[in-house]
K.L.:
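Input: one structure, supplied below.
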Amino acid sequence: IAAAGAVYYLFGATGDLARRKLFPALFSLYKEGKLAEDFAVVGLARRPRTNEQFRADVYESIGEFCRYKADETELWNRFAEHFVYMSLDINNVDGFRQLNNLTEELDAKFDIPGNRLFYLALAPDLFGPVSFNMRDGGLLESKGWNRLVIEKPFGYDLESARKLNAQLNQVFKEEEIFRIDHYLGKEMVQNIEVIRFANAFFEPLWNNKHIANVQITLSETVGVEERGGYYDKSGALRDMVQNHMMQMLSMIAMEPPSRLHPEDIRDEKVKALRSLRPFANEEDVNKNVIRGQYSEGSSKNKPLNGYRQEDSVQSDSMTETYVAARVFIDNFRWAGVPFYIRTGKRLPVKTTEIVIEFKNVPNNVLFAGRHNLAPNLLVFRVNPMEGIYIKINAKKPGVDNVVQPVSMEFCQSCMIGINTPEAYERLIYDAARGESTYFTRWDEVAQAWSYVDRIASAWREDSSSLQFYPAGSWGPEQMDKLLAEDGFHWWTVN
Ligand code: BG6
């Protein structure tokens with residue numbers, strides 16, 4: 001079904017996100033009929049550009065990053081018609097007035113019913129000022145809806161996030177704000193609730209009586225690339241843990257919502273986040289959270305720089321590129337079950353996996369003493385492969401009394417291709433339909449900040465806990481101890 005017609009304002013239209021993700025997503029939606037003819041996209045950035053140049057950028061980006069090709073000339077021509085560009089100084093309200101005039105023309109030309117979707121692919125400190133200018137330039141006065149889509153990071157800590165939110169709330173209502181966490185747009189993250197709540201196999205076991213621990217791994221092979229300037233101020237805790245890791249954790253841990261309605265689902269997620277056991281003090285942080293930074297190393301015999309040698313990174317930087325933590329959720333369902341999370345850059349594999357490790361069957365006469373039974377596992381493969389598999393114990397064929405772990409796999413990406421649909425495609429489509437389930441609500445963001453702020457403040461007090469790991473390795477050695485202390489180990493990711 002096509003989303004309601006709207007004008008899409010792409011602030012930051014000459015940037016990387018637009019080129020890699022947003023243009024390709026819009027084209028896929030158009031190709032699949034999820035955007036009808038009643039839409040227009042206004043590319044906005046400071047740099048002067050003609051409509052033709054802008055359309056050429058869009059064409060090139062689709063050629064490079066989209067799963068559909070734009071070479072069906074007729075389709076491309078029709079699509080390109082909807083794209084216009086305007087050079088805009090975002091600090092000057094006059095430009096926003098001009099934009100308003102342009103919008104009226106577009107409404108008339110494409111028969112758009114006054115709906116506006118503002119997508120800010122901009123630095124977060126501009127979200128507030130741009131919103132004020134949208135309002136003062138008259139852009140929010142049409143008879144249709146207004147929606148604001150913003151990228152992370154939403155603040156630097158709870159305090160700055162609150163300030164940012166207060167600015168946005170002067171212009172937009174909470175239900176008009178769509179905060180992107182692109183992990184929530186990933187098919188397998190969205191699949192967590194279905195696997196959990198639609199299967200008699202899993203739902204009854206989803207608690208501390210049957211689950212021994214949960215492991216969430218989000219590993220990347222890349223370093224900081226050309227984002228050193230941003231990353232050095234942020235670090236893995238703010239860049240990955242506060243958002244993507246906390247979101248996945250809350251989807252695994254949340255109680256069943258009473259309805260599959262955005263607010264009911266988000267209520268349950270925020271309840272799970274509220275149940276996170278806060279770290280009491282510095283010692284508690286050091287006992288449960290490990291931070292690392294990559295030093296020089298290698299991958300596939302290729303030498304790799306250490307983090308401190310990367311562009312725009314301080315040569316004595318104490319910023320973490322790796323975090324592993326043991327986290328507890330103090331509620332009835334999860335009492336006593338450790339959740340281990342880890343994420344880092346320059347690790348050996350690019351993967352996101354969630355492993356649910358079940359408790360073993362009780363020692364019994366059938367197997368006791370003769371076998372070391374491996375625990376049952378349920379594994380969500382989020383990225384780049386998508387699917388789930390379970391590990392169970394079965395008899396080794398042809399041999400008496402030997403039990404071996406075997407896996408049963410559902411490989412979604414083998415059937416429909418990796419990353420289909422793309423996260424941004426889902427999210428833009430959802431925002432255009434006003435479907436907010438997979439966007440983060442303010443209270444979730446605030447809760448996640450208040451949790452990670454305690455870690456950040458302990459680290460500020462004491463820098464000695466930073467551990468170094470060679471680029472291309474699995475991170476600081478301490479990460480194994482974290483689990484070994486509880487009698488567990490990390491399950492190798494595939
Ligand atoms: C972003 C982070 O939010 O997620 C990046 O800012 C990170 O540092 C990226 O590389 C990972 O996303 P994905 O989808 O490639 O796993």
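All of these numbers come straight from a predicted model, not from anything done at the bench. Positions are given from 1, in the same order as the sequence printed here. Whatever order the structure lists them in is the order used to number ligands and atoms, beginning at 1.
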K.L.:
Heavy-atom cut-off of under 4.0 Å around ligand 1: list whichever protein residues fall inside it, by chain and number.
P.N.:
Lys152, His182, Tyr183, Lys186, Glu220, Arg227, Asp239, Met240, His244, Lys345, Lys350, Asn383
K.L.:
Dump the intermediate steps for side-chain hydrogen bond (donor to acceptor under 3.5 Å, both in side chains) on Tyr438 and Asp181, then the final yes or no.
P.N.:
CA-CA 8 Å; Tyr438 297 113; Asp181 181 315; over 6 Å; no
K.L.:
How would you list, by chain and number, every residue that makes a ring-ring contact (aromatic ring centres under 6.0 Å, His included) with Phe23, sequence neighbours excluded?
P.N.:
Phe54
K.L.:
Apply ring-ring contact (aromatic ring centres under 6.0 Å, His included) to Phe11 and list each qualifying residue two or more places apart in sequence or on a separate chain.
P.N.:
none
K.L.:
Ring-plane angle category for Tyr307 and Tyr231, please: parallel below 30°, perpendicular beyond 60°, tilted otherwise.
P.N.:
perpendicular
K.L.:
Quick check: do Ser436 and Glu263 have side-chain heavy atoms less than 4.5 Å from each other?
P.N.:
yes
K.L.:
Who pairs with Tyr59 by ring-ring contact (aromatic ring centres under 6.0 Å, His included), at least two apart in sequence or on another chain?
P.N.:
Trp76
